[in-house]
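Values below: every heavy atom of this structure, side chains too, minus hydrogens, waters and symmetry copies. In listed order, ligands and their atoms are each counted from 1.
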Amino acid sequence: MYFASLLLAPVLAAASSNIPYEQYILAPKSRDLTPASVYSVNGSVTGARTLTQSSGSGATFHGVSSVTYDFGKNVAGLVSLDVGSSSSSSAFLGITFSESNLYISDQASDATADAGLDAPLWFNVGKGAGKYTPDEKYLRGAFRYLTIVSNTTATVPVKSLRVNFLAAPDQDLRAYTGYFHSDDELVNKIWYAGAYTNQLCTINPRHGNSLVHLGSISSGDDIQLPETNTWWNNYTITNGTSTITDGAKRDRLVWPGDMSIALESIAVSTGDLYSVRTALEALFVLQKANGQLPYAGKPFVDIVSYTYHLHSLIGATYLYRFSGDKDWLSSYWSQYKRGVEWALSSVDDTGLANVTSSADWLRFGMGGHNIEANAILYFVLQDAQTLAAELNDKTALTDWSTTATKLKLVANQKLWDSSSGLYFDNETTTMHPQDGNAWAIKANLTQSTAQAIQISNALKARWGKYGAPAPEAGKTVSPFISGFELQAHYLANKPNSALDLIRLQWGFMLNDPRMTQSTFIEGYSTDGSLHYAPYTNDPRVSHAHGWSTGPTYALTAYTAGIQLTGAGGSSWIIAPQPGNLTFVDAGFETVQGKFSTFYHGSGKGVGKFAFVTPPNTTGDFVLAGAKGSLVSEGGERVKLVNGKASGLKGGSWKLRSE
Ligand SMILES: *[C@@H]1O[C@H](CO)[C@@H](O)[C@H](O)[C@H]1NC(C)=O
Ligand SMILES: *[C@@H]1O[C@H](CO)[C@@H](O)[C@H](O)[C@H]1NC(C)=O
Ligand SMILES: *[C@@H]1O[C@H](CO)[C@@H](O)[C@H](O)[C@H]1NC(C)=O
Ligand SMILES: *[C@@H]1O[C@H](CO)[C@@H](O)[C@H](O)[C@H]1NC(C)=O
Ligand SMILES: *[C@@H]1O[C@H](CO)[C@@H](O)[C@H](O)[C@H]1NC(C)=O
Ligand SMILES: *[C@@H]1O[C@H](CO)[C@@H](O)[C@H](O)[C@H]1NC(C)=O
Ligand SMILES: *[C@@H]1O[C@H](CO)[C@@H](O)[C@H](O)[C@H]1NC(C)=O
Ligand SMILES: *[C@@H]1O[C@H](CO)[C@@H](O)[C@H](O)[C@H]1NC(C)=O
Ligand SMILES: *[C@@H]1O[C@H](CO)[C@@H](O)[C@H](O)[C@H]1NC(C)=O
């Protein structure tokens, strides 16, 4: 009750504010939720539907029976039942949860462990009338379907069923600082589902997964009903009052790789950078004396991952780019540098990093002179040089620059396969991974635009019916790695390929009836089954995973073309790539102020274009095919050369075609 009253105030405030395209926001208007509809009834239950109304007359369970409620979208929180007098003191009501309709059951919830299903929550409602709410550690991090089960012959009246929505605890849930709209409704919905997915993955740090069964239940175990697994969300994973985790149902831990997608999508939607900072700080706390950063935050086991180590460094750079908080960066700079040095200690005399730890995003064969690891290292070395210049620390600059230059040269000599237009995974295989090829473009490991286009086309040529394959992880479609592939298509000037992949893959993830129609799944099979190869236990797959939210950032940064280059947006590039969209209207805020672009294509060519950037900032503009001049609000005129202008002052600018 403490939570409900505390959190109601900001929600009401949001209702009166003027948020563009607010109707697309999936986050609830109130943290006090009732289900949207009855999904199914089993046995004799009267008035089941009344529990979908905030003040209904109530439902009555007559003997062994169950009702499955549908919240209409993935939600999260602590359930509470207001129960009347049962006909027997031995009456019980149980609650089960499921994200997907595949795992609706009156005997168990979907899963959080490597095998088996999660135990129902049971209430001995025969004890007497009143409100039944479990301990906070039994909040469920994500579910669309909730089943109430009565397992005795008793008659049990239920007056109300409520869920206290506990995700994104510090947020005013619908007060997004970013928005996106276009003439493609599917694309719009995907942008907002990505934003909402990250809200569900943002939690009170006290509600992390305690990993009860990590190491005790393994994927080979055969756990059959009625045996079910315990689950508790009561491990404190970071400092502060809110933090970003990988997945809403599980693992509810800080994972740096996942953040490389989630962080940017958060920055351009809810703007909840606080939750990103607490997560990053929890990773930096775990840095070893030799500079090595952890695979994941606590309570995960201590494992070395070369790539995830690098992702923590990327997280620090991204956070600084969006927050502009130089004090924060300075306070972590010596740790950051030690992190870079640890990564460089794997670079051997060939000039490439030789990876000796297999841990990555659960792909296989992560070892040796791996292209993904080397592309990410190259990316980090570029960032590191930019940050060093910004902080005026030249001590390591030459070393980083020389190492990066050689790495790029050697990676292209040893790992580029010109006949297929893709990089090999390493020198001893003919497999071309999705991750390393997408990262090679993102990191600018490619040596020309033509080479980037070749990769973009080759990746696109491999798409299947359900999306882009990641052969480095079996028969897998990885929404995580596909998020980087999206960026790669834009960087190769192939915006329609990015849009097509968004429609194909995220369209499937949004609209397939087995999904939640509101949040994005962590992975699935190339044949469209909801089996994610790294796991044997399908009910365990998370349907709200921050690493699957790549389109939200990609659409804002590339389709709408708003990219920050300087800290907090002190400098920027406005570079829209609308592809075949004819209308795009998007924006977000940083500490510097508001950024937005507006595009309306004419039948042929650019048509109307306008953008706004904050005062006291500077930047460049590029829009292929744009002709004429940019005219500022104050009447300043800058002529475009090849669709470009540079050194623009922040302000409101319009394209005037001539
Ligand atoms: C309906 O209830 C019966 C009896 O308890 C049970 O065997 C069956 O599995 C239930 N079906 C569903 C869909 O919950
Ligand atoms: C109903 O479930 C509760 C909790 O698991 C259990 O203690 C009780 O024995 C069950 N009752 C029946 C009749 O199965
Ligand atoms: C979580 O709750 C369980 C069950 O009450 C308890 O045994 C465990 O110690 C708790 N874990 C933490 C980290 O508080
Ligand atoms: C939390 O903050 C304390 C005090 O600054 C620090 O000692 C601790 O390491 C931090 N823990 C995490 C997980 O960030
Ligand atoms: C090289 O790549 C292949 C394909 O991914 C993989 O099977 C092999 O294990 C990799 N080599 C190392 C040393 O990891
Ligand atoms: C990488 O290092 C390991 C361990 O030292 C070594 O066995 C392996 O041959 C090296 N791989 C390459 C590609 O040099
Ligand atoms: C990417 O690398 C090429 C050289 O291969 C260089 O000319 C270009 O400036 C780089 N692009 C960026 C954005 O750094
Ligand atoms: C854009 O292209 C997609 C397929 O690539 C197509 O379905 C859509 O209708 C096109 N939209 C416009 C406005 O041309
Ligand atoms: C612009 O910068 C100047 C100097 O730093 C400062 O005095 C002024 O308040 C800033 N204006 C805005 C609108 O931020």
Next on the checklist: Quick check on contacts: which atoms of ligand 4 are under 4.0 angstrom from a heavy atom of Val285?
Outcome noted: 9 (O), 12 (C), 14 (O)
Next on the checklist: Centre-to-centre under 6.0 Å for Tyr138 and Trp231, is that the case here?
Outcome noted: yes
Checklist outcome for this item: closest protein heavy atom to atom 9 (O) of ligand 5 is Gly365 CA, 3.6 Å
Next on the checklist: Could you check, using the six-membered ring where one of them is a Trp, whether Tyr145 and Tyr39 have ring centers closer than 6.0 angstrom?
Outcome noted: yes
Checklist entry - Glu472: heavy atom below 4.0 Å from ligand 5, yes or no? => result no
Checklist entry - Counting each atom of ligand 4 from 1 as listed, which ones have a heavy atom of Asn239 under 4.0 Å away? => result 1 (C), 2 (O), 3 (C), 8 (C), 10 (C), 11 (N), 12 (C), 14 (O)
Item to check | Protein contact for atom 7 (O) of ligand 2 (heavy atom, distance under 4.0 Å) | outcome: yes
Item to check | Lys/Arg N to Asp/Glu carboxylate O, Arg250 vs Asp118, below 4.0 Å | outcome: no
Item to check | Check: His432 ring centre within less than 6.0 Å of Phe424 ring centre | outcome: yes
Checklist entry - Are any of the N/O atoms in Asn426 less than 3.5 Å from those in ligand 5? => result yes
Checklist outcome for this item: For Met431, the ligand 5 atoms with a heavy-atom partner under 4.0 Å come out as 4 (C), 5 (O)
Checklist entry - Below 4.0 angstrom, N of the basic side chain to O of the carboxylate: do Asp110 and Arg140 qualify? => result yes
Checklist entry - Where the closest heavy atom to atom 13 (C) of ligand 4 is concerned, which of Gly297, Ala279, Ala282 has it? => result Ala282
Checklist entry - Does any N or O atom in Asn151 lie less than 3.5 angstrom from one in ligand 2, N or O only? => result yes
Checklist entry - For the ring pair Trp463 and His489, is the centre-to-centre distance below 6.0 Å? => result yes
Item to check | Positive for ring pair (Phe, Tyr, Trp, His ring centres under 6.0 Å) with Trp255, one of Trp547, Phe300, Phe480 | outcome: Phe300
Checklist entry - If you count the atoms of ligand 5 from 1 in the order shown, which ones are under 4.0 Å from a heavy atom of Gly367? => result 12 (C), 13 (C), 14 (O)
Checklist entry - Does Phe364, backbone or side chain, put an N or O under 3.5 Å from an N or O of ligand 5? => result no
Checklist entry - What atoms of ligand 5 come closer than 4.0 angstrom to any heavy atom of Gly368? => result 13 (C)
Item to check | Asp325 with Arg277: basic N within carboxylate O range, under 4.0 Å | outcome: no
Next on the checklist: Under a 4.0 Å threshold between the charged nitrogen and the carboxylate oxygen, would Lys249 count as salt-bridged to Glu522?
Outcome noted: no
Checklist entry - Are any non-hydrogen protein atoms located under 4.0 Å from atom 4 (C) of ligand 4? => result no
Checklist entry - With the threshold set at 4.0 Å, does a side-chain nitrogen-carboxylate oxygen contact exist between Lys337 and Glu341? => result no
Checklist entry - At under 4.0 Å between heavy atoms, which part of Arg363 makes contact with ligand 5: side chain, backbone, both or neither? => result side chain
Next on the checklist: Using a plain distance cutoff, I'd like to know if Asp425 has any nitrogen or oxygen under 3.5 Å from a nitrogen or oxygen of ligand 5.
Outcome noted: yes
